[in-house]
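Atom set for the values below is all heavy atoms of this structure, side chains included, hydrogens, waters and symmetry mates excluded. Fair warning: this is a prediction, and the values are worked out from it, not measured in the lab.
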Amino acid sequence: MRYTSAAIEALIEEFAKLPGIGRKTAQRLAMHILHEQQGEVGKLAKALMDVKERVISCSICQNVTDQGDDPCSICKGSNRDRSVICVVESPTDVLAFEKTAQYRGLYHVLHGVISPLDGIGPDDIRIRELLARLSQEDDRKVTEVIMALSPTVEGETTVLYISRLLKPLGVEVTKIARGIPVGAELEFIDEATLSRALEGRSVL
(Lines give C-alpha, C1' and ligand atoms only; values in the text may rest on other atoms or scores of the structure.)
Protein backbone atom coordinates (compact mmCIF):
# COMPACT_ATOMS: atom_id res chain seq x y z
CA MET A 1 0.00 0.00 0.00
CA ARG A 2 1.28 3.43 -0.93
CA TYR A 3 0.78 6.68 0.97
CA THR A 4 -1.37 9.46 -0.41
CA SER A 5 1.63 11.79 -0.02
CA ALA A 6 4.13 11.63 -2.86
CA ALA A 7 6.74 13.29 -0.62
CA ILE A 8 6.43 10.56 2.04
CA GLU A 9 6.58 7.85 -0.62
CA ALA A 10 9.73 9.40 -2.08
CA LEU A 11 11.35 9.50 1.37
CA ILE A 12 10.41 5.86 2.03
CA GLU A 13 11.90 4.83 -1.30
CA GLU A 14 15.19 6.60 -0.44
CA PHE A 15 15.40 5.05 3.05
CA ALA A 16 14.67 1.61 1.59
CA LYS A 17 17.77 1.91 -0.60
CA LEU A 18 19.99 1.87 2.51
CA PRO A 19 21.64 -1.48 3.41
CA GLY A 20 19.64 -3.49 5.93
CA ILE A 21 16.58 -1.26 5.64
CA GLY A 22 13.35 -2.88 4.40
CA ARG A 23 10.15 -1.07 3.47
CA LYS A 24 8.60 -1.35 6.94
CA THR A 25 11.66 0.14 8.62
CA ALA A 26 11.77 2.81 5.91
CA GLN A 27 8.15 3.69 6.68
CA ARG A 28 8.92 4.05 10.40
CA LEU A 29 11.91 6.27 9.65
CA ALA A 30 9.84 8.44 7.30
CA MET A 31 7.10 8.84 9.92
CA HIS A 32 9.72 9.73 12.51
CA ILE A 33 11.14 12.43 10.24
CA LEU A 34 7.63 13.74 9.56
CA HIS A 35 6.95 14.28 13.27
CA GLU A 36 10.38 15.71 14.14
CA GLN A 37 10.92 19.42 14.73
CA GLN A 38 12.08 21.40 11.69
CA GLY A 39 15.40 22.17 13.37
CA GLU A 40 16.17 18.50 14.02
CA VAL A 41 15.40 17.56 10.43
CA GLY A 42 17.65 20.40 9.32
CA LYS A 43 20.51 18.97 11.42
CA LEU A 44 20.05 15.59 9.78
CA ALA A 45 19.99 17.10 6.31
CA LYS A 46 23.15 19.10 7.06
CA ALA A 47 24.95 16.03 8.43
CA LEU A 48 24.11 14.10 5.25
CA MET A 49 25.41 16.91 3.02
CA ASP A 50 28.54 17.40 5.15
CA VAL A 51 29.45 13.72 4.75
CA LYS A 52 29.43 14.09 0.96
CA GLU A 53 31.11 17.50 0.87
CA ARG A 54 33.75 17.27 3.64
CA VAL A 55 34.84 13.64 3.99
CA ILE A 56 37.92 12.55 2.03
CA SER A 57 40.37 9.64 2.14
CA CYS A 58 43.50 10.13 4.23
CA SER A 59 46.45 10.61 1.88
CA ILE A 60 48.48 8.06 3.86
CA CYS A 61 46.25 5.26 5.15
CA GLN A 62 43.15 5.82 2.96
CA ASN A 63 40.87 5.90 6.03
CA VAL A 64 38.13 8.50 6.13
CA THR A 65 38.97 11.98 7.42
CA ASP A 66 37.73 15.54 6.98
CA GLN A 67 39.08 18.10 4.55
CA GLY A 68 41.65 20.15 6.42
CA ASP A 69 42.55 17.19 8.65
CA ASP A 70 44.77 15.22 6.29
CA PRO A 71 46.67 13.08 7.28
CA CYS A 72 44.12 11.65 9.70
CA SER A 73 44.50 11.72 13.48
CA ILE A 74 45.70 8.09 13.61
CA CYS A 75 48.48 8.66 11.08
CA LYS A 76 49.54 11.81 12.93
CA GLY A 77 49.32 10.21 16.37
CA SER A 78 52.61 10.43 18.25
CA ASN A 79 51.83 7.36 20.37
CA ARG A 80 51.30 4.95 17.45
CA ASP A 81 53.69 2.08 16.69
CA ARG A 82 54.97 2.98 13.22
CA SER A 83 56.63 -0.39 12.66
CA VAL A 84 53.29 -2.15 12.08
CA ILE A 85 50.55 -1.56 9.50
CA CYS A 86 47.22 -3.37 9.78
CA VAL A 87 45.51 -3.80 6.39
CA VAL A 88 41.70 -3.79 6.57
CA GLU A 89 38.85 -3.75 4.09
CA SER A 90 36.86 -0.70 5.22
CA PRO A 91 36.85 2.25 7.67
CA THR A 92 34.36 0.36 9.87
CA ASP A 93 37.05 -2.29 10.44
CA VAL A 94 39.39 0.42 11.75
CA LEU A 95 36.71 1.37 14.29
CA ALA A 96 36.37 -2.29 15.31
CA PHE A 97 40.08 -2.58 16.06
CA GLU A 98 40.25 0.77 17.82
CA LYS A 99 37.44 -0.31 20.16
CA THR A 100 39.61 -3.18 21.42
CA ALA A 101 42.24 -0.67 22.67
CA GLN A 102 44.81 -3.44 22.05
CA TYR A 103 46.27 -2.40 18.71
CA ARG A 104 48.45 0.73 18.65
CA GLY A 105 49.97 0.50 15.17
CA LEU A 106 48.94 2.14 11.90
CA TYR A 107 46.31 1.10 9.34
CA HIS A 108 45.78 0.84 5.61
CA VAL A 109 42.22 0.73 4.28
CA LEU A 110 41.69 -1.07 0.98
CA HIS A 111 38.05 0.03 0.45
CA GLY A 112 37.08 -3.39 -0.82
CA VAL A 113 38.44 -6.83 -1.62
CA ILE A 114 39.30 -8.62 -4.86
CA SER A 115 36.09 -10.17 -6.22
CA PRO A 116 36.23 -11.26 -9.87
CA LEU A 117 32.53 -12.24 -9.83
CA ASP A 118 31.67 -8.63 -8.97
CA GLY A 119 34.16 -7.22 -11.45
CA ILE A 120 36.50 -5.97 -8.71
CA GLY A 121 40.17 -6.50 -9.48
CA PRO A 122 43.41 -5.48 -7.72
CA ASP A 123 43.40 -2.08 -9.46
CA ASP A 124 39.94 -1.28 -8.07
CA ILE A 125 41.05 -1.23 -4.43
CA ARG A 126 43.87 0.62 -2.65
CA ILE A 127 46.66 -1.93 -3.10
CA ARG A 128 48.75 0.42 -5.24
CA GLU A 129 48.66 3.03 -2.46
CA LEU A 130 49.90 0.44 0.07
CA LEU A 131 52.87 -0.51 -2.10
CA ALA A 132 53.73 3.14 -2.73
CA ARG A 133 53.48 3.83 0.99
CA LEU A 134 55.90 1.04 1.90
CA SER A 135 58.42 2.26 -0.65
CA GLN A 136 58.48 5.78 0.80
CA GLU A 137 61.40 6.66 3.02
CA ASP A 138 59.21 7.58 6.01
CA ASP A 139 57.61 4.12 6.06
CA ARG A 140 60.74 2.02 5.53
CA LYS A 141 60.78 1.47 9.28
CA VAL A 142 57.71 -0.79 8.84
CA THR A 143 58.69 -4.35 9.80
CA GLU A 144 55.28 -6.07 9.82
CA VAL A 145 52.09 -5.86 7.79
CA ILE A 146 49.07 -7.53 9.40
CA MET A 147 46.44 -8.77 6.97
CA ALA A 148 43.15 -8.31 8.83
CA LEU A 149 40.51 -9.01 6.21
CA SER A 150 37.24 -10.85 6.79
CA PRO A 151 37.73 -14.64 6.32
CA THR A 152 35.56 -14.89 3.22
CA VAL A 153 36.68 -16.34 -0.12
CA GLU A 154 37.20 -12.79 -1.43
CA GLY A 155 39.09 -11.77 1.69
CA GLU A 156 41.41 -14.77 1.51
CA THR A 157 42.04 -14.15 -2.20
CA THR A 158 43.02 -10.57 -1.42
CA VAL A 159 45.30 -11.66 1.46
CA LEU A 160 47.19 -14.09 -0.79
CA TYR A 161 47.52 -11.56 -3.60
CA ILE A 162 48.87 -8.79 -1.36
CA SER A 163 51.19 -11.11 0.60
CA ARG A 164 52.89 -12.17 -2.65
CA LEU A 165 53.48 -8.54 -3.55
CA LEU A 166 54.87 -7.64 -0.13
CA LYS A 167 57.27 -10.55 0.47
CA PRO A 168 59.98 -9.20 -1.92
CA LEU A 169 59.98 -5.95 0.10
CA GLY A 170 61.46 -7.74 3.11
CA VAL A 171 58.46 -6.98 5.33
CA GLU A 172 57.03 -9.73 7.54
CA VAL A 173 53.44 -10.43 6.48
CA THR A 174 51.09 -11.91 9.10
CA LYS A 175 47.37 -12.50 9.29
CA ILE A 176 44.99 -12.46 12.22
CA ALA A 177 44.16 -15.81 13.82
CA ARG A 178 41.03 -17.81 13.16
CA GLY A 179 39.19 -16.66 16.25
CA ILE A 180 36.75 -15.15 13.76
CA PRO A 181 34.11 -17.42 12.16
CA VAL A 182 34.46 -18.03 8.43
CA GLY A 183 32.04 -15.83 6.52
CA ALA A 184 31.78 -13.24 9.32
CA GLU A 185 32.24 -9.49 8.82
CA LEU A 186 34.81 -7.83 11.10
CA GLU A 187 32.56 -4.91 12.03
CA PHE A 188 30.13 -7.32 13.77
CA ILE A 189 32.76 -9.19 15.81
CA ASP A 190 32.95 -8.50 19.56
CA GLU A 191 36.03 -6.83 21.03
CA ALA A 192 37.28 -9.90 22.95
CA THR A 193 37.23 -12.17 19.89
CA LEU A 194 38.90 -9.52 17.75
CA SER A 195 41.62 -8.99 20.37
CA ARG A 196 42.37 -12.74 20.53
CA ALA A 197 42.49 -12.96 16.76
CA LEU A 198 44.94 -10.06 16.62
CA GLU A 199 47.20 -11.57 19.30
CA GLY A 200 47.20 -15.00 17.59
CA ARG A 201 48.13 -13.75 14.11
CA SER A 202 50.40 -16.02 12.07
CA VAL A 203 53.12 -15.54 9.46
CA LEU A 204 52.04 -16.05 5.85
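- Sorted by first and then second residue, the ring pair (Phe, Tyr, Trp, His ring centres under 6.0 Å) pairs with a member in residues 17-56 form an empty list; sequence neighbours excluded.
- Two residues are said to be in side-chain contact when any heavy atoms from C-beta on lie closer than 4.5 Å; E89 and L110 fail this criterion.
- The shortest distance between side-chain heavy atoms of R126 and V109 does not fall below 4.5 Å.
- In this model, a donor atom of one side chain and an acceptor atom of the other lie less than 3.5 Å apart for S90 and T92.
- Here I162 contributes atom CD1 and M147 contributes atom CE; the two are 4.0 Å apart, rounded to the nearest 0.5 Å.
- Pairs engaging residues 159-174 under the salt bridge (Lys or Arg N to Asp or Glu O under 4.0 Å) rule: none recorded [sequence neighbours left out].
- Annotation: salt bridge (charged side-chain N to carboxylate O under 4.0 Å, His left out) contacts of K52 (sequence neighbours excluded): none.
- A heavy-atom distance below 4.5 Å is found between the side chains of I85 and R133.
- Atom CD1 of I120 sits about 12.0 Å away from atom OG1 of T157, to the nearest 0.5 Å.
- How far SG of C61 is from CD of E129: 11.5 Å, rounded to the nearest 0.5 Å.
- Within 6.0 Å of NZ on K76 lie more than 12 heavy atoms contributed by other residues, nucleotides or ligands.
- Taken together through direct or relayed side-chain contacts under 4.5 Å among Ile, Leu, Val, Met, Phe, Trp and Tyr, V64 and L130 form parts of separate hydrophobic clusters.
- For E53, the CD atom sits in a packed shell: over 12 heavy atoms of surrounding residues, nucleotides or ligands are nearer than 6.0 Å.
- Of the N and O atoms on the side chains of D70 and T65, not one donor lies less than 3.5 Å from an acceptor on the other residue.
- As a member of the Ile/Leu/Val/Met/Phe/Trp/Tyr network built from side-chain separations under 4.5 Å, I33 groups with L11, F15, L18, I21, L29, V41, L44, L48.
- Looking at every heavy atom in both residues, I74 comes nearest to R80 through O-CG, 3.4 Å.
- In this structure a side-chain-to-backbone donor-acceptor pair under 3.5 Å is present from T158 to I114.
- No single ILVMFWY cluster, assembled from side-chain heavy atoms under 4.5 Å apart, contains both I56 and V51.
- Closest approach of L106 and C75 over heavy atoms only: CD2-CA, 4.4 Å.
- Closest approach of V87 and L149 over heavy atoms only: O-CD2, 3.8 Å.
- Looking only at side-chain heavy atoms (C-beta outward), V142 and V84 stay at 4.5 Å or farther from each other.
- Hydrophobic clustering (side-chain heavy atoms under 4.5 Å, transitive across Ile, Leu, Val, Met, Phe, Trp, Tyr) keeps I125 apart from V153.
- Of all the heavy atoms in A26 and A16, the pair that sits closest is CB-N, 3.7 Å.
- D124 approaches G119 most closely through the heavy-atom pair OD2-O, 3.5 Å.
- Salt bridge R104/D81: absent, no basic N to carboxylate O contact under 4.0 Å.
- Distance check, rounded to the nearest 0.5 Å: OG of S150 to CD1 of I189 gives 8.0 Å.
- To the nearest 0.5 angstrom, L165 atom CG is 11.5 Å from R128 atom CZ.
- Within the structure, ring pair (Phe, Tyr, Trp, His ring centres under 6.0 Å) contacts touching residues 95-126 (residues at least two apart or in different chains) are Y103-Y107.
- The SG atom of C72 lies 10.0 Å from the CD atom of Q62; values are rounded to the nearest 0.5 Å.
- Listed for the E187 side chain is no donor-acceptor partner under 3.5 Å among the backbone atoms of L95.
- Partners of E13 under the side chain to side chain donor-acceptor pair (under 3.5 Å) rule, at least two apart in sequence or in another chain, are R23.
- In terms of heavy-atom proximity, P122 sits nearest to I127 at O-CD1, 3.9 Å.
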